[in-house]
Amino acid sequence: MNKEAEQKEVGTVTEIYQEFETWQVNLGDKTVHAKRMPGFFRTVKNYTQASWLLFFLVPYLRWNDKQAILFDIEHRQFHFFNITVLPQDIWMLSLVLLILAMTLFAVTSVASRVYCGYFCFQSTWMDWFTWIEDKIEGNPTARRKLDAAPWNLEKIQKKLIKHFIWMALALLTGISFSIWFVDAYDYWNNLVHLQLPKTGWVALAMFFLGTYLLAGFLREQACWWLCPYARIQGVMSDTQTILPAYDVKRGEPRGKLHRGAQTAKNAQGDCIDCFQCVQVCPTGVDIRDGQQLGCITCGLCIDACDAVMDKVGKPRGLIRYASWDEMEGKPVKKLYQHPRTLVYLTIILIAFGGIVYGLTHLGSLTLKVLPERQPLFVSLSDGSIQNKYNFKVLNKTDKDFNVTVTAEGGVKDQVLIGAEKPLLTHHGRGTAFTIFVKAPGKNIQQEVTPIEFHIQNVEDPVIEAEYQTKFNGPKVKN
């Protein structure tokens, strides 16, 4: 009975050979219709790709009756809930980009092109587009037959439905990109009434066409020929980097199973040459040929191979995440033993610390005071010495407010001229005004005297800023 069950199971497995007897290298001349199979890495891929839903949903979040996260290029502001970042704080954006780059490098040095396989927008949208195609046109075999079939009503209907949904998703992608830079509700109102500015229409058209063509038509060819990361990732990997790898020693020589055969020849390896690992590959590469430019490290070939190994009664892991050294039987280093990875992590921590410092010291008000240089001071007829200061106040809030100006230090009995009344500062940009400091000449004890200016919001004293500079006077005679 067990023998009959085994033969039946082998017979079931050999049915997959009807899909393909041979496999051609992907050169872009034919569309790759990847097979969708369940498994651990497919589940992981689905969850990580779901994180892109934030791209569509986050712009609709509101905070204090305004869009919570907004890159307001027109007014040169970045709003993140209660935080407003202006161009003067752009250095923090540089640190964010540095963190993203170093994270990419660190992950690549450990686990190769994980970003490509699980997070990349191209591979994500391509996967969504092919999922739609699978639901409308059928499995890969049915899609190939449909492509080869002559045009008829059924084919036209399926193609029209597919492309309509593709274009709808591409249009939604363009809209979702745009509303990160303008208020989402205002954008929709202008779009519905066809009142978008020229820049808005151009951005929407570019993202619509780009998404539709790249995810719907170019697909894996974008990974092969357009993406530079596929070419530079080689310098970020070494023999200790783990990636989907085919165990040649265990799998070779490969050979097909035959219906009714209980086991293969004694000399045959575990690979039954079923091409399932190739059929599930989004870029159409054969992992058994070694690491290739088209491999995006998604692990779907591992799911396919494990499923086949389960059916034929062989242990899993013929294709698995492993390093070259592990496949060669060499000692495998632990994560903390990779010097390059530790360097990446150190840079990430330093950059992250800089961002935390910047955000905690961002403030709602900044002050810069520039003393007049020509002349340094003016001697008045009453014997007083006067300095001129150019104030530049940056109001980072979303409201105009008045500030008072005071000074500490400086010269005894000094007087601020031009600051008798509160001064108006405009929201989201800098406001300039001039202040004079007048001091009795007899009270000046040194040529340069430290002075600190202090400005404070009249309505909210918590919002304040200060700036240290100098009061210049004549040389003091001994």
Side-chain angles (χ1 to χ4, degrees), residues 76-77 82-92 95 353-478:
R76 296 183 297 175
Q77 298 175 0
N82 279 336
I83 300 174
T84 299
V85 180
L86 298 178
Q88 289 78 3
D89 304 305
I90 199 67
W91 59 271
M92 284 190 288
L95 293 182
I355 293 174
V356 172
Y357 174 83
L359 291 177
T360 54
H361 293 75
L362 193 59
S364 300
L365 195 65
T366 61
L367 172 65
K368 188 173 184 180
V369 180
L370 301 175
E372 185 74 17
R373 296 300 181 187
Q374 293 294 334
L376 288 175
F377 61 89
V378 175
S379 298
L380 303 180
S381 58
D382 61 356
S384 300
I385 302 299
Q386 182 173 280
N387 280 204
K388 180 181 178 182
Y389 298 91
N390 296 313
F391 277 55
K392 292 186 177 180
V393 180
L394 181 61
N395 179 355
K396 298 182 180 180
T397 69
D398 56 357
K399 296 180 180 179
D400 295 347
F401 57 77
N402 293 305
V403 296
T404 58
V405 180
T406 57
E408 295 181 0
V411 180
K412 182 181 178 181
D413 297 330
Q414 64 190 8
V415 177
L416 273 63
I417 302 174
E420 296 83 358
K421 297 180 180 180
L423 301 171
L424 178 64
T425 62
H426 300 282
H427 71 279
R429 61 187 178 91
T431 303
F433 45 83
T434 301
I435 300 292
F436 295 91
V437 176
K438 177 181 175 182
K442 62 181 181 179
N443 293 340
I444 298 176
Q445 303 298 321
Q446 51 189 2
E447 186 177 353
V448 177
T449 306
I451 185 173
E452 180 178 277
F453 290 101
H454 185 266
I455 59 173
Q456 190 174 48
N457 187 343
V458 174
E459 298 177 356
D460 186 1
V462 175
I463 300 177
E464 58 183 356
E466 59 277 332
Y467 192 92
Q468 293 184 351
T469 183
K470 298 175 181 179
F471 181 89
N472 296 293
K475 292 183 179 181
V476 180
K477 298 180 181 180
N478 295 327

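Everything numeric in this text was worked out from a predicted model, so none of it was measured.
Residues Thr404 and Val458 are in side-chain contact: their nearest non-hydrogen atoms beyond the backbone lie under 4.5 Å apart. When side chains are defined from C-beta on, Thr366 does not count as touching Val393, because their heavy atoms never get closer than 4.5 Å. A 4.5 Å side-chain heavy-atom check between Gln386 and Ile417 finds at least one atom pair inside the cut-off.
The stretch residues 364-381 participates, sequence neighbours left out, in no salt bridge (charged side-chain N to carboxylate O under 4.0 Å, His left out) pair at all. Screening residues 444-473 for salt bridge (charged side-chain N to carboxylate O under 4.0 Å, His left out), with sequence neighbours left out, gives no hits. Applying the salt bridge (charged side-chain N to carboxylate O under 4.0 Å, His left out) test to residues at least two apart or on different chains, none of the pairs has a partner in residues 415-425.
Residues that satisfy the side chain to side chain contact (heavy atoms under 4.5 Å, CB included) test with Thr406, not counting sequence neighbours, are His454. Take His427 and apply the side chain to side chain contact (heavy atoms under 4.5 Å, CB included) test, not counting sequence neighbours, and it matches Asn395, Asp400. Taking Lys438 as the reference, Asp382 meet the salt bridge (charged side-chain N to carboxylate O under 4.0 Å, His left out) condition, with sequence neighbours excluded. For the side chain to side chain contact (heavy atoms under 4.5 Å, CB included) test, residues two or more places apart in sequence or in another chain that qualify with Pro474 are Phe377, Ile385, Ile444. Under the ring pair (Phe, Tyr, Trp, His ring centres under 6.0 Å) criterion, Tyr389 pairs with Phe453, not counting sequence neighbours. Applying the ring pair (Phe, Tyr, Trp, His ring centres under 6.0 Å) criterion to Phe433, with sequence neighbours excluded, gives Phe391. For Asn402, the side chain to side chain donor-acceptor pair (under 3.5 Å) criterion is met by no residue, not counting sequence neighbours.
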